[in-house]
*Asks:* 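Once you've had a glance at the structure underneath, I'll fire off some questions.
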Amino acid sequence: MKLILIGMPGAGKSTQGNLLSKKLGIPYLSTGHIFRDLAKEHTKLGRQIKIIMNTGLLVSDARTLNIVEEYLSRPEYDKGYILDGFPRTVNQAKEFKNGIDKVIYLNVTDKEILWRLAYRDDQGREDDTLLAIRKRIEVFHKFTKPVLDYYKHKGKLLEVNGEQKIEDIYKEILKRLNVPKHAK
Ligand code: ADP
């Protein structure tokens, strides 16, 4: 199964992504994690990515697509995957050729996001400053919301209320994906 998780920063994508990965036995891949690793490298690319991330802006579509496709060409992703943080623009969605079965949108209000991130301690993420968080929310509305419409038209969008308990969100996703309760 090839799944995509979409939601604002702090919506709970990595929490659900890791739970689903265990349950379905397919790997979880987050472009945010990939870029955070690249940003630690003392190279020109690393420095550029670090600046982009800390401002809350997006890495270019071309670079993102290259990196994601390189990862997904590895044998461990043959059976499927759960992608978190990609695609984030309609252009990324259109250019992505690896295939997708369902897109899960974790819907959480801006207000709740601001609360959650104000109290999140994600090993001191450098992009969790108030300014960068506001920018990431703005970028989500401007660039990523249209991705939801793109998949809705294709009949692939599952919208889930992301303000429920973690366990309830997880159960709802499994139900809507038609995964039997006692599967693996
Ligand atoms: P968030 O908590 O905002 O959902 P992520 O961990 O998914 O953050 O991503 C962190 C940062 O990495 C983003 O703000 C952006 O700069 C960069 N990034 C991640 N995925 C993409 C993508 N698909 N396209 C462009 N930039 C990306």
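Just so you know, residue 1 is the first one in the sequence shown, and it goes up from there. None of these values were measured; they are calculated from a predicted model. Indexing begins at 1, ligand by ligand and atom by atom, following the structure's order.
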*Asks:* If we count only N and O atoms by modelled type, under 3.5 Å, do the side chains of N54 and D127 hold a donor and an acceptor together?
*Replies:* no
*Asks:* Do F86 and F96 have ring centres separated by under 6.0 Å?
*Replies:* yes
*Asks:* The test is side chain to side chain donor-acceptor pair (under 3.5 Å); show your working for N91 and D61 and say whether it passes.
*Replies:* CA-CA 7 Å; N91 188 37; D61 287 342; 2.9 Å; yes
*Asks:* Starting from atom 13 (C) of ligand 1, what is the nearest protein heavy atom, named by residue and atom, and what distance separates them?
*Replies:* R88 NH2, 3.9 Å
*Asks:* Below a 4.0 angstrom heavy-atom separation, can you tell me which part of R136, side chain or backbone, both or neither, approaches ligand 1?
*Replies:* side chain
*Asks:* Can you list the atoms of ligand 1 that are under 4.0 Å from a heavy atom of G32?
*Replies:* 5 (P), 6 (O), 7 (O), 9 (O), 19 (C)
*Asks:* Heavy-atom count around K2 NZ within 6.0 Å, excluding the residue itself: above 12?
*Replies:* yes
*Asks:* Looking at L57, which atoms of ligand 1 are within less than 4.0 Å of one of its heavy atoms?
*Replies:* 14 (O), 15 (C), 16 (O)
*Asks:* Is the count of non-hydrogen atoms from other residues, nucleotides or ligands lying under 6.0 Å from R134 atom CZ greater than 12?
*Replies:* no
*Asks:* Would you mind listing which atoms of ligand 1 come within a distance below 4.0 Å of any non-hydrogen atom of R36?
*Replies:* 6 (O), 10 (C)
*Asks:* Check ligand 1 against M53 and write out every atom of the ligand that is under 4.0 Å from a heavy-atom position of the residue.
*Replies:* 10 (C), 11 (C), 12 (O), 16 (O)
*Asks:* Note the single closest protein heavy atom to atom 20 (N) of ligand 1, along with its residue, its atom name and the distance in Å.
*Replies:* T31 OG1, 2.7 Å
*Asks:* Is there a nitrogen or oxygen of S30 sitting under 3.5 Å from a nitrogen or oxygen of ligand 1?
*Replies:* no
*Asks:* Between V59 and ligand 1, which residue portion shows a heavy-atom distance shorter than 4.0 Å: side chain, backbone, both, or neither?
*Replies:* both
*Asks:* Where is the nearest protein heavy atom to atom 18 (N) of ligand 1: which residue, which atom, and how far?
*Replies:* F35 CD1, 3.4 Å
*Asks:* Is the number of heavy atoms from other residues, nucleotides or ligands under 6.0 Å of L45 CG greater than 12?
*Replies:* yes
*Asks:* Is it the case that ligand 1 has an N or O less than 3.5 angstrom from some N or O of Q92?
*Replies:* yes
*Asks:* Is there a polar contact, in the sense of an N or O pair closer than 3.5 Å, between K13 and ligand 1?
*Replies:* yes
*Asks:* Could you tell me the separation between the CE atom of M1 and the NZ atom of K79, rounded to the nearest 0.5 Å?
*Replies:* 11.5 Å
*Asks:* Considering both backbone and side-chain atoms of I52, is one of its nitrogen or oxygen atoms within less than 3.5 Å of a nitrogen or oxygen in ligand 1?
*Replies:* no
*Asks:* Only one of L5, D84, I6 passes side-chain contact (heavy atoms from CB on, under 4.5 Å) with I104; say which it is.
*Replies:* L5
*Asks:* In ligand 1, which numbered atoms sit nearer than 4.0 Å to a non-hydrogen atom of G85?
*Replies:* 20 (N), 21 (C), 22 (C), 23 (N)
*Asks:* Taking heavy atoms and a distance under 4.0 Å, where does H33 meet ligand 1: side chain, backbone, both or neither?
*Replies:* neither
*Asks:* For the CD1 atom of I51 and the CZ atom of R47, what is their distance to the nearest 0.5 Å?
*Replies:* 8.5 Å
*Asks:* Look only at the side chain of S30 and the backbone of G32, and say whether a donor-acceptor pair between them is shorter than 3.5 Å.
*Replies:* yes
